[in-house]
Amino acid sequence: YKILMERAKERKLNLQYVREYYLFSKLSNERVAYIENSLHRRNGVKINYDFRPISYYYDIIFWTTHFRDSLFRKLLKATTEDRIWKVAFGIYAFIFLWGLSRIKNKISYKRATLMAVMTTGFAEIAFQIVVLLSFQIIYGYVFYKLGLILTSFMIGLFLGGWWIVKIMPHLKKEETVFAWTQLVICIYPLVLPLFFWWLSASKGEVTSWLGSNIIFPFLPIIAGFIGGFQFPLANKIYLGKRDEIGRVAGLSYGVDLLGACLGALLTGAFLVPLLGIPKTCLAVALMNFTVLLLVFLAKPKREMIIYESK
């Protein structure tokens, strides 16, 4: 506390509430020793890092103590990083084997497309959570830019949907375009941590301004564009020549929302605090890559013609 007060005097800070007697009480040797002793006695407790904010995971567990016999609290306490990866790879294997069994039974390519819509819904909401948390981690605030980042995502959805609807009548090979779109969804989360590390390590004012005003608002536009581009294309592939527009639109939209619901719950409560942001991005990329394999395996064998000019 003496060092802090010396710095305050050197910088001529006009402090009204953080006074010497206040810091003496808060940073007394007894309190510091009590906290250090409490931390040392808790074996298995993980340290909080910038891009692995596990402290809010512990705070959620503490909050659930207000509810007696909370099932959610038991689930939280039982969840570990190793168990998350085991469950994740189990889900990847299930998706892949389930898809293979359907393909062998001549269940159409359309089912793989519908699975891709669900995993894209999961990924899109995970991207938003990761971007918002990373912005707060790097810059220390987020509400000031919250509206801009969310709006950027919606702009990307509009642009992606508008473009695919415009060129869709001229596409000869929707399956190939869809596969490339799914590949981009696999690559995008692998690039995100690189931007985050670069911005967090940079100390220049210009880079900091570009990050908060240009780069971060632009990242959701890319994610939204991918999702907005893929969804109408998936609907057309799944619909085929059948006259069931209402049923197909409702089914694909419901599957998309189901994926987004699972993404919001699992990413916010489990993946980010326990795996950290880089590993969360990796987990999402692997999930979409698994579906990409299904898309390739189920894809009809035709010529690889993508676009026919007017």
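These values consider heavy atoms only, across backbone and side chains, with no hydrogens, waters or symmetry-generated copies.
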Nearest non-hydrogen partners of Val130 and Cys281, listed with the distance:
CG1-SG, 4.1 Å
So with a 6.0 Å cut-off around OH of Tyr92, is the heavy-atom count from everything else above 12?
yes
Please check: side-chain N/O of Ser134 versus main-chain N/O of Phe196, any donor-acceptor pairing under 3.5 Å?
no
Tell me whether the count of non-hydrogen atoms from other residues, nucleotides or ligands lying under 6.0 Å of CE in Met154 goes above 12.
no
Indicate yes or no: at least one non-hydrogen side-chain atom of Ile149 is less than 4.5 angstrom from one of Leu219.
no
Quick check against the 3.5 Å criterion: does Tyr49 have a side-chain atom that pairs as donor or acceptor with the backbone of Ile54?
no
Between Thr290 and Leu294, is any pair of side-chain heavy atoms under 4.5 Å apart?
no
Hits for side chain to side chain contact (heavy atoms under 4.5 Å, CB included) against Thr151, two or more places apart or cross-chain, chain-then-number order -> Ile155
Step through the shown structure and confirm whether more than 12 heavy atoms of other residues, nucleotides or ligands are within 6.0 Å of CZ on Phe195.
no
Apart from Val32 itself, residues in the same hydrophobic cluster as defined by side-chain heavy atoms under 4.5 Å:
none
Donor-acceptor pair, Tyr58 side chain versus Lys46 backbone, under 3.5 Å?
yes
With a 3.5 Å distance limit and no angle check, can you tell me whether Thr267 reaches the backbone of Ala126 through a side-chain donor-acceptor pair?
no
Please check if the number of heavy atoms outside Tyr253 that lie under 6.0 Å from its OH is greater than 12.
no
Minimum heavy-atom separation for Gln230 and Val117, please, with both atom names.
OE1-CA, 4.3 Å
Let me check something: do Ile125 and Ile222 share a hydrophobic cluster, defined by ILVMFWY side-chain heavy atoms less than 4.5 Å apart, either directly or through other members?
no
Connected-component partners of Trp209 among ILVMFWY, side-chain separation under 4.5 Å
Val206, Leu210, Ile214
Which residues pass the side chain to side chain contact (heavy atoms under 4.5 Å, CB included) test with Tyr139, sequence neighbours left out?
Phe135, Tyr141, Leu199, Ser208, Ser212, Phe216
Non-hydrogen atoms of Asn235 and Ser252 that approach each other most closely
OD1-OG, 2.6 Å
Specify the closest pair of heavy atoms between Met115 and Val291, including all atoms of both residues, with the distance to one decimal.
CG-CG2, 3.9 Å
Taking salt bridge (Lys or Arg N to Asp or Glu O under 4.0 Å) as the cut-off, I'd like each qualifying pair that reaches into residues 48-63, sequence neighbours left out, listed once.
Arg52-Glu81
Less than 4.5 Å apart, side chain to side chain, heavy atoms only: is that true for Val177 and Phe229?
yes
Tell me whether Thr119 contacts the main-chain N or O of Ala116 through its side chain, where contact means a donor paired with an acceptor under 3.5 Å.
yes
Judged by atom type as modelled, is there a donor-acceptor pair below 3.5 Å linking the side chain of Asn48 to the main-chain atoms of Ser55?
yes
Side-chain (Glu174) to main-chain (Lys236) donor-acceptor, under 3.5 angstrom
no
Identify, with sequence neighbours excluded, every residue that meets ring-ring contact (aromatic ring centres under 6.0 Å, His included) alongside Tyr188.
Phe127
Taking the side chain as C-beta and beyond, is there a heavy-atom pair between Leu293 and Phe289 under 4.5 Å?
yes
Can you tell me if Thr207 uses its side chain to pair, donor with acceptor, with the backbone of Gly204 under 3.5 Å?
no
Would a distance-only check, ignoring hydrogens and angles, find a side-chain to backbone donor-acceptor pair under 3.5 Å from Thr64 to Ile61?
yes
What are the two closest heavy atoms between Gly268 and Pro273, and how far apart are they?
O-CD, 3.7 Å
Identify whether Met118 and Leu292 are in the same connected component of the hydrophobic contact network (ILVMFWY, side-chain heavy atoms under 4.5 Å).
yes
